[in-house]
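Contents: one structure, followed by commentary.
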Amino acid sequence: MKRFLKICVYCLFVTALFSCSEEGFNENGIGIISGTVVEEGENTPLANVKITTTPATNTVFTNADGEFEIDNVASGDYSVQASLDEYIAKFQAANVTDSNVTNVVFELVKSLANNVPPLAPTLLFPPDNATELGFTVNFIWTTIDEDEDDLTYSMELRNGNTNEIQIFETESDTTVTVQNLQLATNYFWQVTVSDDINEPVVSPVSEFTTLTELTNPILLVKTVNNNSVIYSGDIGEEGDTDVNLIQLTSENQNSFRPRRNSTVRKIAFLRTVGGNTQLFTMNYDGTEVDQITNSRPVKGFRDDYVDFCWATDGQLLYYPNFDKLYRIDPDAGGATLVFQTTDGSLISEVDTPQFNENLLVLKTNDINGYNVRIFTLDITSGTGVEDQLVLEDEPGAIGGINISFDGQTVLYTKDDSQSQNSNYRIIESRMYQFDLASGTESILDSEAVTGQNDLYPRYSPAEGTVIFTRKNNNLTAVPAIYTITLDGSKAEDLLFTGAAMPDWD
């Protein structure tokens, strides 16, 4: 009996021992911890990130793809840590189970504790105390940030005459182009840089002065706020465009067709006033604006195709009013009739040469803009008498007349398509010259292609070059201003974009 009891006790002990051994094996099973580490917000994989666990297991590092794996991890709960210099260490919980892979993802944030601010910007251009700068300036600066943070800049430009301040914001760019600076004005500028981590850093203040006298030779028209606005501009190096643009009239008024007279140093132009087109004058810098006409406004076929001219000495202006041509003193006023058409046709354009004050060239047309005649007018007796016919009985849009300084050549454009339509749409306008002595016409060999119009041509002061507007013939086309040499020695040159109606002196 005692022997039987001993055997049973032994069996129970072995059974209990076997059961305990089996339960301990399940608790001490092994699994795998794997995962990836990226930079927060960028999702860029981070390499060489140190991966440790608590309780401790193996220490591993991420590969080039930000991936890691810890093998032979005993089952249980762990805290996994990812750490990398310049980043804030991060922890993730992981529960490891037998024969399974537990995946964790870390998004590390850069540590700002040791981040230093960028250096104060160095102002490179314009240099401090620069003088005689144009009205368009490219501001350039530089700075250094050893942490290579993304930087933003704020440039402050102050007008020393008016104290008006303009602010220009940029992201990463260290240059700002500012147009329409004022004549003979002292400006101050300063740049602030920010890395969005430290306090912004400010550069020293630099100053410069713009041109003391306006010397831009070109006048032109741009569209701003649905109004025509007059600008002056310069001719830069070959390939340069929109050089030294300065705005002369307000974008809140419709001003166009500028004409300069160097004798009196005035610019005459047209402006829409109360539904009429009136003649105005102003100084070269846009100051002292005076209205010249009133009860007899400038009228012809469509205001954007009507033109006027100065007398050479600047003491008179000639302008059309329907079928009549008037002259007016820009200082005293008082319009005087010079000529009237006999057939009721409208006078749309007039010009006069520099060296013959008694010679005018006129363009007339019907109320639709067609049936054009171009002829010279002798006003020796004070009233005009037709002198020489240049052109008539040609279909299509014709205009943009300009006479050479010696009165020997007339420049104009013709629509070679000879189209006549209710919208006065011009299809293929090209530039022509008419030699008054020989009575012959010749075309200027521009580089215009099908679908382009050349318009508003003007001789250069030396008359070796023509300046003109080129515009595609679709209704929404944007114009540009080019020059071309008369002898073909130089290819056409683009001067101004988004511009029309050029004049130069």
For the pair I401 and L411, evaluate side chain to side chain contact (heavy atoms under 4.5 Å, CB included) and give the outcome as yes or no after the intermediate values.
CA-CA 5 Å; I401 62 172; L411 180 66; over 6 Å; no
Please tell me if the side chains of V361 and I374 come closer than 4.5 Å, counting only heavy atoms from C-beta onward.
yes
Where G233 and L245 come nearest, the two heavy atoms and their spacing:
CA-CD2, 4.3 Å
Does one side chain, of N186 or E207, offer a donor that lies under 3.5 Å from an acceptor on the other?
yes
Check whether T469 reaches the backbone of A500 with its side chain - one donor and one acceptor, N or O, closer than 3.5 Å.
no
Looking at CG of N474 and CD of Q452, how far apart are the two atoms once the value is rounded to the nearest 0.5 Å?
10.5 Å
Candidate list T293, I292, I347, test side-chain contact (heavy atoms from CB on, under 4.5 Å), partner Y319, passing option
T293
Keeping the roles fixed (side chain from N283, backbone from D285), state whether a donor-acceptor pair exists under 3.5 Å.
no
Heavy-atom check, side chain of N216 versus side chain of F135, under 4.5 Å
yes
How about V338 and I379: do any of their side-chain heavy atoms sit closer than 4.5 Å?
yes
Are S438 and T440 linked by a side-chain donor-acceptor pair shorter than 3.5 Å?
yes
Can you name the residues that form a side-chain contact (heavy atoms from CB on, under 4.5 Å) with S295, not counting sequence neighbours?
none
Decide yes or no on ring-ring contact (aromatic ring centres under 6.0 Å, His included) for Y231 and F496, but give the supporting numbers first.
CA-CA 11 Å; Y231 289 76; F496 302 99; 9.5 Å; no
Within a reach of under 6.0 Å around CD1 of I140, are more than 12 heavy atoms found that belong to other residues, nucleotides or ligands?
yes
When you check the side-chain N and O atoms of Y370 and Q418, is any donor under 3.5 Å from an acceptor?
no
Residue pair P297 / N321, side-chain heavy-atom distance below 4.5 Å:
yes
Between R470 and E492, is there a side-chain N and carboxylate O pair less than 4.0 Å apart?
yes
Can you confirm whether the side chains of T177 and N138 place a donor and an acceptor under 3.5 Å from each other?
yes
For the residue pair Y153 and S194, establish whether any side-chain heavy-atom pair is separated by less than 4.5 Å.
no
Distance flag, aromatic centroids of F269 and F308, threshold under 6.0 Å
no
With sequence neighbours excluded, tell me which residues meet salt bridge (Lys or Arg N to Asp or Glu O under 4.0 Å) with D242.
none
Under the 3.5 angstrom rule, does the side chain of N473 hit a backbone N or O of I427 as a donor-acceptor pair?
yes
Hey, is the main chain of T44 close enough, under 3.5 Å, to the side chain of E42 for a donor-acceptor pair?
no
Return yes when atom CG of N163 has more than 12 non-hydrogen atoms of other residues, nucleotides or ligands closer than 6.0 Å, and no otherwise.
yes
If you measure from the Lys or Arg side-chain nitrogens to the Asp or Glu carboxylate oxygens, is any gap between R260 and D503 under 4.0 Å?
no
Can a salt bridge be assigned to the pair R430 and E428 using a cut-off of 4.0 Å between side-chain N and carboxylate O?
yes
Heavy-atom side-chain contact between V193 and T152 under 4.5 Å:
no
Output field: ring centroids F168/F139 closer than 6.0 Å
no
Does some side-chain heavy atom of D307 sit less than 4.5 Å from a side-chain heavy atom of D351?
no
With a 3.5 Å distance limit and no angle check, can you tell me whether K363 reaches the backbone of I398 through a side-chain donor-acceptor pair?
yes
Can a donor-acceptor pair be found between the side chains of N453 and S429 at a distance below 3.5 Å?
no
Are more than 12 heavy atoms, taken from residues, nucleotides or ligands other than D445, located less than 6.0 Å from that residue's CG atom?
no
Hey, what's the ring geometry for F468 with Y482, parallel, tilted or perpendicular (30° and 60° as the breaks)?
parallel
Mind listing the closest non-hydrogen atom pair of P353 and D406 along with its distance?
CB-C, 4.5 Å
Donor-acceptor pair, distance only, cut-off 3.5 Å: does the side chain of N472 make one with the backbone of V478?
no
Identify which one of D454, I443, V372, L391 satisfies the side-chain contact (heavy atoms from CB on, under 4.5 Å) criterion when paired with K414.
L391
Side chains of T483 and D493: donor-acceptor distance under 3.5 Å anywhere?
no
With sequence neighbours excluded, what pairs up with F125 under the ring pair (Phe, Tyr, Trp, His ring centres under 6.0 Å) test?
none
Gap separating the CG atom of N423 from the CD1 atom of I426, nearest 0.5 angstrom
12.0 Å
Take the angle between the ring planes of Y187 and F208 and call it parallel below 30°, perpendicular above 60°, tilted in between.
parallel
Is there a donor-acceptor pair under 3.5 Å between the side chain of T185 and the backbone N or O of L183?
yes
Mind checking what makes ring pair (Phe, Tyr, Trp, His ring centres under 6.0 Å) contact with Y284, not counting sequence neighbours?
none
To the nearest 0.5 Å, atom OG1 of T131 lies from atom CG of L211 at 9.5 Å
Side chains of D378 and N358: is there a donor and an acceptor less than 3.5 Å apart?
no
If we ignore hydrogens and angles and just use 3.5 Å, is the side chain of D435 paired with the main-chain N or O of A437 as donor and acceptor?
yes
How many angstroms lie between OG1 in T364 and CG in L325, if you round to the nearest 0.5 Å?
11.5 Å
Please check if any side-chain donor atom of N365 sits under 3.5 Å from a side-chain acceptor atom of N371, or the reverse.
no
Within a strict 4.5 Å, meaning less than it, do heavy atoms of the F339 and Y326 side chains meet?
no
Show the numbers, then the answer: is there a side chain to side chain contact (heavy atoms under 4.5 Å, CB included) between I267 and L219?
CA-CA 9 Å; I267 298 171; L219 297 175; 3.7 Å; yes
With E386 via side-chain hydrogen bond (donor to acceptor under 3.5 Å, both in side chains) - residues at least two apart
R373
With a cut-off of under 6.0 Å to the ring centre and 45° to the axis, is R327 in cation-pi contact with Y318?
no
Partners meeting side-chain hydrogen bond (donor to acceptor under 3.5 Å, both in side chains) with D331 (sequence neighbours left out):
none
Rounded to the nearest 0.5 Å, what's the gap from CD1 on I481 to CD1 on I218? Could you check?
8.0 Å
Does Y424 form a ring-ring contact (aromatic ring centres under 6.0 Å, His included) with F301? I'd like the steps, not just the answer.
CA-CA 11 Å; Y424 199 69; F301 163 71; 4.7 Å; yes
What's the spacing between T223 OG1 and N227 CG if we round to 0.5 Å?
8.5 Å
G399 backbone acceptor or donor facing T413 side chain under 3.5 Å:
yes
Applying side chain to side chain donor-acceptor pair (under 3.5 Å) between R271 and each of Q291, Q253, Q278, report the one that passes.
Q253
